[in-house]
Amino acid sequence: MAIEIAPRSGVAITLRRGEVLKVIDPEGGQVSDMVAFMAEDTREGLSNGRTFDYEETIRLTTGNRLWSNRSRPMLEIIEDSAGVHDFLLT
(Lines give C-alpha, C1' and ligand atoms only; values in the text may rest on other atoms or scores of the structure.)
Protein backbone atom coordinates (compact mmCIF):
# COMPACT_ATOMS: atom_id res chain seq x y z
CA MET A 1 0.00 0.00 0.00
CA ALA A 2 1.32 3.48 -0.86
CA ILE A 3 0.17 6.61 0.95
CA GLU A 4 1.06 10.05 -0.33
CA ILE A 5 1.12 12.69 2.38
CA ALA A 6 0.51 16.27 1.31
CA PRO A 7 3.01 18.92 2.49
CA ARG A 8 2.30 20.37 5.95
CA SER A 9 -0.16 17.60 6.76
CA GLY A 10 -0.08 14.26 8.52
CA VAL A 11 -1.38 10.75 8.59
CA ALA A 12 -1.63 7.95 11.15
CA ILE A 13 -0.90 4.35 10.22
CA THR A 14 -0.69 1.09 12.13
CA LEU A 15 2.33 -1.16 11.62
CA ARG A 16 2.27 -4.73 12.76
CA ARG A 17 5.37 -6.65 13.83
CA GLY A 18 7.43 -7.43 10.73
CA GLU A 19 5.85 -4.81 8.50
CA VAL A 20 8.11 -2.23 6.85
CA LEU A 21 7.53 1.51 6.59
CA LYS A 22 9.39 3.09 3.68
CA VAL A 23 9.52 6.89 3.67
CA ILE A 24 10.62 8.71 0.53
CA ASP A 25 10.65 12.35 -0.52
CA PRO A 26 10.34 12.68 -4.29
CA GLU A 27 11.14 16.42 -4.12
CA GLY A 28 14.33 16.04 -2.07
CA GLY A 29 13.57 18.24 0.95
CA GLN A 30 12.65 17.42 4.52
CA VAL A 31 11.04 14.01 4.66
CA SER A 32 8.94 13.92 7.81
CA ASP A 33 8.43 14.28 11.50
CA MET A 34 7.44 11.04 13.19
CA VAL A 35 6.00 9.89 16.46
CA ALA A 36 5.23 6.28 17.39
CA PHE A 37 3.12 4.60 20.07
CA MET A 38 2.63 0.96 21.01
CA ALA A 39 -0.80 -0.20 19.84
CA GLU A 40 -1.57 -2.17 23.01
CA ASP A 41 -0.81 0.81 25.29
CA THR A 42 -0.47 4.26 23.77
CA ARG A 43 1.17 5.56 26.96
CA GLU A 44 4.28 3.78 25.66
CA GLY A 45 5.84 5.90 22.96
CA LEU A 46 8.99 6.66 21.06
CA SER A 47 11.74 8.17 23.24
CA ASN A 48 14.68 10.04 21.78
CA GLY A 49 16.47 9.98 25.15
CA ARG A 50 16.28 6.20 25.56
CA THR A 51 17.20 5.76 21.90
CA PHE A 52 20.37 7.85 22.31
CA ASP A 53 21.27 6.02 25.54
CA TYR A 54 20.83 2.50 24.20
CA GLU A 55 22.20 3.14 20.72
CA GLU A 56 25.10 5.20 22.18
CA THR A 57 24.90 7.79 19.40
CA ILE A 58 22.83 10.76 18.24
CA ARG A 59 23.73 9.97 14.62
CA LEU A 60 21.10 7.32 13.86
CA THR A 61 21.38 5.30 10.67
CA THR A 62 21.04 1.80 9.23
CA GLY A 63 21.05 -0.81 11.99
CA ASN A 64 20.00 1.52 14.80
CA ARG A 65 16.81 0.83 16.71
CA LEU A 66 14.33 3.39 18.04
CA TRP A 67 13.37 2.74 21.67
CA SER A 68 10.26 3.41 23.74
CA ASN A 69 9.95 5.27 27.02
CA ARG A 70 9.65 1.79 28.62
CA SER A 71 13.01 0.65 27.24
CA ARG A 72 11.63 -1.60 24.51
CA PRO A 73 12.76 -1.46 20.89
CA MET A 74 9.97 -0.13 18.67
CA LEU A 75 11.46 0.28 15.21
CA GLU A 76 14.70 -0.51 13.39
CA ILE A 77 16.27 1.51 10.59
CA ILE A 78 16.90 -1.07 7.87
CA GLU A 79 17.98 1.34 5.12
CA ASP A 80 19.07 4.97 5.25
CA SER A 81 19.87 7.06 2.19
CA ALA A 82 19.29 10.44 3.90
CA GLY A 83 22.46 10.37 5.97
CA VAL A 84 21.71 12.94 8.71
CA HIS A 85 18.66 13.03 10.97
CA ASP A 86 17.50 15.50 13.60
CA PHE A 87 16.06 13.31 16.36
CA LEU A 88 16.90 15.69 19.21
CA LEU A 89 13.44 17.23 19.60
CA THR A 90 10.98 14.41 18.92
Side-chain angles (χ1 to χ4, degrees):
M1 167 181 26
I3 300 171
E4 184 172 332
I5 304 169
R8 294 175 299 282
S9 68
V11 65
I13 61 170
T14 300
L15 289 178
R16 289 174 177 68
R17 185 178 305 275
E19 290 185 318
V20 174
L21 171 66
K22 181 176 184 176
V23 179
I24 62 169
D25 179 12
E27 297 179 20
Q30 177 180 341
V31 175
S32 69
D33 293 326
M34 181 182 79
V35 65
F37 300 96
M38 291 293 201
E40 64 272 10
D41 182 356
T42 56
R43 292 174 296 182
E44 182 173 7
L46 187 59
S47 168
N48 62 334
R50 299 275 170 102
T51 296
F52 295 151
D53 285 348
Y54 298 139
E55 295 301 305
E56 299 180 337
T57 185
I58 63 169
R59 296 185 172 271
L60 303 171
T61 190
T62 303
N64 288 123
R65 295 182 293 177
L66 306 180
W67 293 77
S68 80
N69 58 326
R70 294 186 183 159
S71 300
R72 296 195 309 164
M74 294 183 74
L75 301 160
E76 180 179 354
I77 302 171
I78 59 173
E79 182 180 334
D80 178 9
S81 61
V84 178
H85 307 279
D86 182 356
F87 194 57
L88 293 174
L89 296 173
T90 58

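- Checked against salt bridge (Lys or Arg N to Asp or Glu O under 4.0 Å), Glu40 has the following partners two or more places apart in sequence or in another chain: Arg72.
- No donor-acceptor pair under 3.5 Å is formed between the side chain of Asn69 and the backbone N or O of Ser47.
- Across all non-hydrogen atoms, the minimal contact from Ser68 to Glu44 is OG-OE2, 2.6 Å.
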Quick one: side chains of residues 8-22, donor-acceptor pairs under 3.5 Å with protein atoms, not counting sequence neighbours, listed by atom name and distance.
unit_1	atom_1	unit_2	atom_2	d
Ser9	OG	Ala6	N	3.3
Ser9	OG	Ala6	O	2.4
Glu19	OE1	Arg16	N	2.6

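- The two atoms that bring Thr42 and Phe37 nearest to each other are O-CD2, 3.2 Å, heavy atoms only.
- Taking every heavy atom of both residues into account, Ser71 and Tyr54 meet most closely at OG-OH, 2.6 Å.
- No more than 12 heavy atoms of other residues, nucleotides or ligands shown are found within 6.0 angstrom of CD1 on Ile58.
- Trp67 and Leu60 sit in two unconnected hydrophobic clusters of ILVMFWY residues. Membership requires side-chain heavy atoms under 4.5 Å apart, directly or through other members.
- Arg70 CZ: more than 12 foreign heavy atoms inside a 6.0 Å radius.
- A salt bridge (charged side-chain N to carboxylate O under 4.0 Å, His left out) check over residues 74-83, counting only residues at least two apart or in different chains, returns nothing.
- A continuous path of hydrophobic side-chain contacts links Leu75 to Ile3 [ILVMFWY only; heavy atoms under 4.5 Å].
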- Task: May I have the step-by-step check of side chain to side chain contact (heavy atoms under 4.5 Å, CB included) for Met34 and Val23, ending in yes or no?
- Result: CA-CA 11 Å; Met34 181 182 79; Val23 179; over 6 Å; no
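- When all heavy atoms of Phe52 and Thr57 are compared, the closest pair comes out as CD2-O, 3.3 Å.
- Scanning all heavy atoms of the two residues, the minimum distance from Pro73 to Arg65 falls at CG-NH1, 3.9 Å.
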